[in-house]
Amino acid sequence: MPQRPPLRFPDGFLWGAATAAHQIEGNNVNNDWWAREHAAGTPVDEPSGDACDSYHRYREDIALLADVGLNTYRFSLEWSRIEPEPGFVSRANIDHYRRMVAACHESGLSPMVTLHHFTVPRWMAMQGGWRNPGAPDLFARFTESALPIVADGVEWVCTINEPNMVALSAGAEGTALTASALPAPDTLISEALVHAHRGSREVLGGIPAIKSGWTIATQAVEAEPGSEQVARDYRYPREDFFLEAARGDDFVGVQAYTRTIIGADGPRPIPDGTETTLTGWEYFPPALSIGVRNAWKLTNGAPILVTENGIATTDDARRIAYTHAALTDLHEAITEGVDIRGYLHWSALDNYEWGSYKPTFGIIAVDRSTFARTLKSSARWLGDIAKANAIAGQVP
Ligand code: BGC
């Protein structure tokens with residue numbers, strides 16, 4: 001087979017991997033998820049426990065990502081550590097996250113910081129969480145508290161991770177936060193999240209070097225012939241509403257894993273014989289470029305960062321194949337003029353997948369009893385792409 005030339009990405013393209021505090025830090029005992037994991041009769045299969053102990057081992061995680069050649073690390077702040085009681089700010093935890101930012105710089109990685117990735121402090125949950133009319137103000141206050149972490153040397157700040165999943169899962173406690181057939185969103189929460197996002201951006205706007213946006217779970221909604229309107233109605237409150245709310249932001253984060261096929265009665269089950277991943281989702285790499293194109297259209301051309309894309313599998317060759325296909329499509333979108341600034345793989349580590357450690361998304365394996373990290377081939381493969389700023393034209 002003739003060799004196809006490598007596909008080059010724009011200069012300065014961000015190549016990295018992403019994590020979230022509750023999924024890797026361990027012992028986030030003061031947030032709503034921990035409470036849910038340990039509640040009597042919880043539907044959660046297994047608790048997060050020590051997770052990857054990244055609260056202590058973050059330097060090793062950062063060094064591994066830098067060593068393979070990546071240039072960006074996206075991680076999130078744990079609100080319940082920073083503000084363990086309403087209005088009480090832990091300086092030690094502010095310092096902790098400042099050290100993470102510094103460790104990224106020391107290793108030559110750009111830190112990308114998410115302020116809120118699914119978890120809220122217990123006190124916030126007890127006040128009604130995002131249903132509390134005061135929630136957007138509480139989030140603005142938290143953003144102010146977190147400013148010392150991002151004020152110096154953090155260019156990209158994600159305010160709220162997957163607000164659409166937050167709104168959708170509000171009524172489906174304990175179930176998977178990402179799925180291909182999602183419950184109806186709670187519009188009250190959707191609106192509250194938009195206010196919270198805007199208020200947080202306003203606070204961040206005080207620091208001109210920061211670019212802020214939010215990161216949306218795109219779902220590659222596809223209509224069966226004749227079901228186009230059903231598909232539009234399905235997608236609007238679950239995805240498009242949140243993308244439209246990103247108009248005028250410095251960027252929008254696109255997160256994509258799988259697709260949802262809509263028939264006359266809504267989401268269709270995945271047909272027998274279709275390849276699925278450990279989360280039960282269809283193996284469908286084009287989900288990324290579909291999500292990117294929808295985001296580009298609905299935001300009226302906001303710069304795009306792929307803030308998450310990946311696959312839960314024990315077969316690392318499948319992870320590489322999936323990612324290669326997704327990146328090839330992404331390159332095509334760039335060639336067509338879509339302004340894409342970076343690609344951050346989900347996830348850096350095999351981590352706590354909201355209820356279970358079984359779905360392994362990581363490019364780095366973590367031993368569950370010793371916490372020892374082991375690079376997978378996919379980590380080296382993605383690092384080589386980052387160093388070359390190009391992907392091979394051929395499927396690896
Ligand atoms: C979330 C991650 C999650 C991943 C895979 C996204 O919905 O942001 O926290 O682990 O998808 O389910």
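The figures that follow rest on heavy atoms only: side chains count, while hydrogens, waters and symmetry mates do not. In each ligand, atom 1 is the first atom listed, and ligand 1 is the first ligand listed. Please read all numbers here as calculations on a predicted model, not as lab measurements.
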- Message: Is there a polar contact between ligand 1 and E162, counting only N or O atoms under 3.5 Å apart?
- Response: yes
- Message: Check this for me, if you would: do E224 and R268 make a salt bridge, where the nitrogen-to-carboxylate-oxygen distance has to be below 4.0 angstrom?
- Response: yes
- Message: Can you confirm whether the side chains of E37 and S48 place a donor and an acceptor under 3.5 Å from each other?
- Response: yes
- Query: Under 6.0 Å between ring centres, would you say that holds for H345 and W381?
  - Reply: no
- Message: If we only consider heavy atoms of W281, is any one of them less than 4.0 Å away from an atom in ligand 1?
- Response: yes
- N161 heavy atoms within 4.0 Å reach ligand 1 at atoms 8 (O)
- Where does the angle between the aromatic ring planes of Y357 and Y352 fall among parallel (under 30°), tilted (30 to 60°) and perpendicular (over 60°)? tilted
- For N309 and Y343, does a side-chain donor sit closer than 3.5 Å to a side-chain acceptor? yes
- Message: I'd like to know if the side chain of R81 pairs up with that of N28 as donor and acceptor (distance under 3.5 Å, no hydrogens or angles considered).
- Response: yes
- Item | Enumerated ligand 1 atoms positioned under 4.0 Å from heavy atoms of H117 | 1 (C), 2 (C), 8 (O), 9 (O)
- Below 4.0 angstrom from a heavy atom of Q255, which ligand 1 atoms are there? Numbered from 1 as shown, please. 8 (O)
- Message: Under 4.0 Å, heavy-atom basis, I'd like to know which part of T215 is in contact with ligand 1: side chain, backbone, both or neither.
- Response: neither
- Does M165 approach ligand 1 within less than 4.0 angstrom via side chain, backbone, both or neither, non-hydrogen atoms only? neither
- So is E353 in contact with ligand 1, going by heavy-atom distances below 4.0 Å? yes
